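Below you'll find the structure, written out as structure tokens, and then a few comments.
None of the values given here were measured: they were computed from a predicted structure. Labels below follow one simple rule: chain letters A, B, ... track the order of the sequence lines, proteins then strands, and each chain is numbered from 1.
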Protein chains: 2
Amino acid sequence: MAVTIRDVARRAHVSVATVSRALTSPDLVRPETRTRVLAAATELGYQPNRAARGLITGRTGNIGIVVPDLGNPFFTGVLKAVQARAAQADHSVFVADSDEDPVAEAKLVHAMAKQVDGVVLCAPGLEDSRLHEVAAATSLVLLNRRLPGVPAALMDSAGGMGAVVDHLAGLGHRRIAYLNGPRTSWSNQERRRGLLTAVARHGVDLTDLGPFAPRYEGGLQAADLAVAADTTAIIAYNDIMALGVLARLRDLGVSVPGDVSVTGFDDLTYAALCCPPLTTVAMPVARAGRTAVDLLLDRLGSGSPEVPQVVAETRLVVRGTTAPPRGRER
Amino acid sequence: MAVTIRDVARRAHVSVATVSRALTSPDLVRPETRTRVLAAATELGYQPNRAARGLITGRTGNIGIVVPDLGNPFFTGVLKAVQARAAQADHSVFVADSDEDPVAEAKLVHAMAKQVDGVVLCAPGLEDSRLHEVAAATSLVLLNRRLPGVPAALMDSAGGMGAVVDHLAGLGHRRIAYLNGPRTSWSNQERRRGLLTAVARHGVDLTDLGPFAPRYEGGLQAADLAVAADTTAIIAYNDIMALGVLARLRDLGVSVPGDVSVTGFDDLTYAALCCPPLTTVAMPVARAGRTAVDLLLDRLGSGSPEVPQVVAETRLVVRGTTAPPRGRER
DNA sequence: TTGAAAGCGCTAACAT
DNA sequence: ATGTTAGCGCTTTCAA
């Protein structure tokens with residue numbers, strides 16, 4: 001078996017309590033003793049058993065994150081930041097993949113609940129009431145979903161969409177199609193909200209298509225409808241769909257951005273690498289991931305009753321898939 | 001506080017021992033009692049505390065995975081499969097990102113050791129001796145790294161590379177450049193091994209370039225050298241580098257596959273989406289991830305002394321970046 | 001078939 | 001400043 005606190009105590013000629021104190025509240029033991037204990041600990045390669053510690057303190061030193069799809073770079077971007085921030089705070093992280101299944105989301109959080117101090121739930125598809133139940137099981141922080149009473153790290157999708165429409169309208173587009181993602185998704189709702197506002201502001205004509213699966217195949221399928229709708233610009237729910245749109249348009253012989261402009265959302269790595277490179281909206285995934293962890297850990301520490309919902313800015317990234325519509329080139 | 005085994009015991013009018021038995025070894029209690037206990041448990045929404053259980057049984061029901069970079073789709077592909085397989089076996093998973101730092105790899109495994117039944121270490125950069133030390137800390141399974149005495153889930157990079165060279169030689173290429181990834185990486189060593197064998201077999205001329213960082217920027221940088229080397233085909237260490245190569249060649253006005261053929265390795269999603277779509281080698285990441293988990297769990301269960309090292313097949317995916325060299329078109 | 005009790009590794013009163 | 005002890009939630013002897 002591994003080395004326990006008792007081994008260290010024996011070796012340092014002190015009681016286990018002293019060892020515990022030397023490690024967790026150093027100023028409670030005489031410096032001399034502390035040194036001796038620490039030495040013994042290192043010599044034996046002692047690592048306290050966090051599970052045992054957690055049993056007493058109620059704090060596990062772990063956090064959980066559940067995402068809809070680990071195959072989606074957007075969520076692994078969040079995950080990377082979450083695990084990095086957690087590591088800084090000396091916390092370990094549990095991951096779970098709900099496979100886009102709302103029911104699984106709830107189950108996974110419950111399964112984790114006992115082993116973590118809190119969980120970051122990313123873009124949950126769960127309805128509000130069920131989400132509140134889940135929030136009762138553990139400390140919860142939502143990412144890209146707003147729910148009264150639950151802290152959240154949000155990204156300003158609506159604002160990003162506003163920037164997209166401003167850009168397109170500025171180029172001279174008057175007829176725009178939006179390719180919806182999942183209706184229940186908070187992100188889609190926000191994007192649509194920003195879209196409607198901006199479209200009204202510019203007096204631009206909007207064709208609302210979908211919903212489509214937020215994947216490559218969804219984009220393939222959506223492209224035909226968008227072309228039929230006879231618009232000069234296509235705003236896809238996200239980059240992956242936009243890539244599908246691009247591929248389908250190429251097959252159809254529709255030139256981008258000559259015949260039609262296309263935009264995505266998320267700024268995934270390969271949005272910059274496809275050709276033409278995709279005009280899109282950069283989402284602050286890393287920042288939001290860090291914020292989520294901070295929210296979780298701060299609240300645990302301070303038991304304060306406030307419920308912060310932090311929204312991070314998005315940013316339009318203009319690349320090669322947008323240009324003035326035909327007849328408006330200069 | 002949450003509901004404990006004691007609450008269930010009280011409610012079912014039995015001792016805690018009986019509750020424990022009803023849950024973990026059902027055939028040790030009278031069916032009638034069992035039903036009563038189970039009912040009480042569900043009514044209270046009881047979830048056993050795994051940490052406490054682990055304290056006694058020595059099994060945590062958790063496994064760990066440490067990867068060099070969560071931003072790399074290759075590793076998140078493995079992660080997705082690992083977490084899915086673990087979930088099937090009712091295990092939770094800890095993730096950690098070593099940020100490509102070998103020292104961090106060791107630290108992370110040690111930090112996890114107490115909370116997991118074993119860990120999957122992906123493509124570690126650690127040297128053999130240090131790796132053996134790490135293996136002593138917990139049950140270890142290596143992914144894409146072979147080490148005597150340690151079970152491993154491997155992918156047949158050498159074989160994949162053989163297929164690439166066969167393909168290229170078959171098209172008529174006689175001068176090929178290989179863009180090395182990190183020298184210490186087992187995958188690069190394997191790819192190179194497969195390459196040398198195949199190249200000798202075909203009597204093809206090889207220019208060995210690098211090592212380069214296995215990233216987009218590495219590809220950008222490598223492309224110039226490859227062009228200067230005056231070869232008709234470029235084999236990149238992986239897809240990301242290949243994408244960099246493609247971009248740089250485009251800037252240079254070198255046409256692909258007209259002037260030069262390019263291949264990658266990994267078959268990431270966007271290898272199919274770039275243009276022209278990339279000829280590459282599909283790595284069985286999901287299969288390897290599952291295998292790694294199975295290896296871990298099987299060994300834990302059966303304490304058998306055998307050390308399986310399972311290698312999964314790779315597969316050449318021919319797409320648009322390879323063609324006969326100039327003067328050999330038909 | 002069930003219960004009482006010991007104890008996993010650790011921390012937090014309570015003593016000293 | 002340090003030691004003794006109870007006990008976190010659970011499983012597992014050992015008795016009954």
Side-chain angles (χ1 to χ4, degrees), chain A residues 1-38 40-41 44-62 90 110-117 137-138, chain B residues 1-38 40-41 44-62 90 92 111-117 137-138:
Chain A
M1 206 49 184
V3 27
T4 83
I5 198 173
R6 240 186 280 277
D7 302 317
V8 180
R10 198 151 28 221
R11 178 152 189 152
H13 303 290
V14 293
S15 72
V16 293
T18 303
V19 176
S20 173
R21 279 190 282 253
L23 266 51
T24 58
S25 18
D27 22 77
L28 259 54
V29 302
R30 196 151 45 102
E32 184 185 330
T33 324
R34 181 171 57 224
T35 322
R36 196 150 33 94
V37 171
L38 261 36
L44 296 174
Y46 171 70
Q47 295 265 108
N49 183 324
R50 297 194 133 191
R53 174 182 289 176
L55 222 41
I56 304 205
T57 60
R59 290 280 299 256
T60 60
N62 300 327
D90 200 31
H110 279 111
M112 281 181 171
K114 286 286 202 321
Q115 301 195 80
V116 299
D117 296 333
T138 183
Chain B
M1 206 50 182
V3 26
T4 84
I5 198 173
R6 240 187 279 278
D7 302 318
V8 180
R10 200 151 25 220
R11 178 150 188 154
H13 303 290
V14 294
S15 72
V16 293
T18 303
V19 176
S20 173
R21 280 188 280 252
L23 266 50
T24 58
S25 17
D27 22 78
L28 257 54
V29 302
R30 197 151 44 101
E32 185 185 330
T33 323
R34 181 172 58 224
T35 322
R36 197 147 35 93
V37 171
L38 262 36
L44 296 174
Y46 171 70
Q47 296 264 110
N49 183 323
R50 297 193 135 191
R53 174 181 291 176
L55 220 42
I56 304 206
T57 59
R59 290 281 298 257
T60 61
N62 300 327
D90 201 31
S92 300
M112 282 180 169
K114 285 285 201 323
Q115 301 194 79
V116 299
D117 297 333
T138 183

Side-chain donor/acceptor pairs under 3.5 Å, residues 16-29 of chain B, sequence neighbours excluded:
unit_1, atom_1, unit_2, atom_2, d
B:Thr18, OG1, B:Ser15, OG, 3.2
B:Thr24, OG1, B:Ser20, O, 2.9

> How does protein reach along nucleotides 10-15 of chain D, written 5' to 3' as B (base within reach of a heavy atom under 4.0 Å), S (only sugar-phosphate), or - (no contact)?
Replying inline: BBBB--
> What pairs meet the salt bridge (Lys or Arg N to Asp or Glu O under 4.0 Å) rule with one or both residues in residues 53-62 of chain A, with sequence neighbours excluded?
Replying inline: A:Arg59-A:Asp117
>> Under 4.0 Å, heavy atom to any atom of DNA chain C: which of residues 30-37 of chain A qualify?
In response: none
> Which residue pairs satisfy the salt bridge (Lys or Arg N to Asp or Glu O under 4.0 Å) criterion with at least one member in residues 9-20 of chain A, sequence neighbours excluded?
Replying inline: A:Asp7-A:Arg10, A:Arg11-A:Glu43
>> Using whole Å, what does the distance between atom C1' of nucleotide C:dA13 and atom CG of A:Leu28 come to?
In response: 13 Å
> In whole angstrom, what separates B:His13's NE2 from C:dG3's P?
Replying inline: 12 Å
>> Applying side-chain contact (heavy atoms from CB on, under 4.5 Å), can you list everything that pairs with B:Ala41, at least two apart in sequence or on another chain?
In response: B:Val8, B:Tyr46
> Closest approach of B:Ala52 and A:Leu55, non-hydrogen atoms and distance?
Replying inline: CB-CD1, 3.8 Å
> the helix from C:dT1-D:dA16 to C:dT16-D:dA1: angle between its terminal axes, five pairs each, to 10°?
Replying inline: 40°
> Is any side-chain heavy atom of A:Gln115 closer than 4.5 Å to a side-chain heavy atom of B:Thr60?
Replying inline: no
> Listed by chain and number, what are the side-chain contact (heavy atoms from CB on, under 4.5 Å) partners of A:Ala113, not counting sequence neighbours?
Replying inline: A:Thr138
> Given atom CG of A:Leu55 and atom C1' of D:dA6, what is their separation to the nearest angstrom?
Replying inline: 13 Å
> Who are the side-chain hydrogen bond (donor to acceptor under 3.5 Å, both in side chains) partners of B:Arg34, not counting sequence neighbours?
Replying inline: none
> B:Arg36: what forms a salt bridge (charged side-chain N to carboxylate O under 4.0 Å, His left out) with it, not counting sequence neighbours?
Replying inline: none
>> If I compare all heavy atoms of B:Ala2 with all of A:Lys114, which pair ends up nearest, and what's the gap?
In response: CB-CE, 3.9 Å
